[in-house]
Amino acid sequence: LAGQEISSERLRAHVKFLSGDLLEGRGTGQRGGELAVEYLASQLTVAGAKRGTFQEGPLVGGQTEASSTLKV
């Protein structure tokens with residue numbers, strides 16, 4: 001993870017995949033959500049994270065406030 005450059009092209013490719021129809025909206029407990037988790041886990045593994053560092057557990061759902069923002 002450390003030392004890897006973040007490029008707009010790579011970030012765009014990840015967002016495009018995660019927002020695509022294949023993941024069926026990524027609903028909690030849905031097939032698309034599980035696919036998104038596996039995709040993210042595999043990308044972290046490729047980047048050098050060890051699988052044992054992933055914490056697994058049930059996710060029951062969540063909502064964001066209309067005023068929520070994400071800054072990267």
Side-chain angles (χ1 to χ4, degrees):
L1 296 171
Q4 290 194 0
E5 186 176 321
I6 297 174
S7 72
S8 60
E9 293 82 17
R10 285 178 48 209
L11 185 57
R12 187 175 295 114
H14 292 304
V15 170
K16 185 175 181 177
F17 176 80
L18 289 167
S19 65
D21 290 341
L22 176 68
L23 299 187
E24 305 165 352
R26 300 158 317 282
T28 304
Q30 305 279 326
R31 178 179 168 271
E34 295 300 320
L35 290 171
V37 167
E38 287 303 316
Y39 176 79
L40 292 170
S42 69
Q43 293 301 309
L44 287 168
T45 300
V46 167
K50 297 194 180 355
R51 183 65 182 197
T53 62
F54 300 123
Q55 183 176 0
E56 296 187 23
L59 179 63
V60 294
Q63 290 185 312
T64 58
E65 299 283 327
S67 60
S68 297
T69 61
L70 173 65
K71 294 181 182 181
V72 178

Look at the side-chain heavy atoms of Ile, Leu, Val, Met, Phe, Trp and Tyr, link any pair under 4.5 Å apart, and say whether L40 and L22 land in one connected group. yes
Which residues pass the side chain to side chain contact (heavy atoms under 4.5 Å, CB included) test with Y39, sequence neighbours left out? H14, F17, L18, Q43
Please enumerate all residues that pass side chain to side chain contact (heavy atoms under 4.5 Å, CB included) together with S8, with sequence neighbours excluded. R12
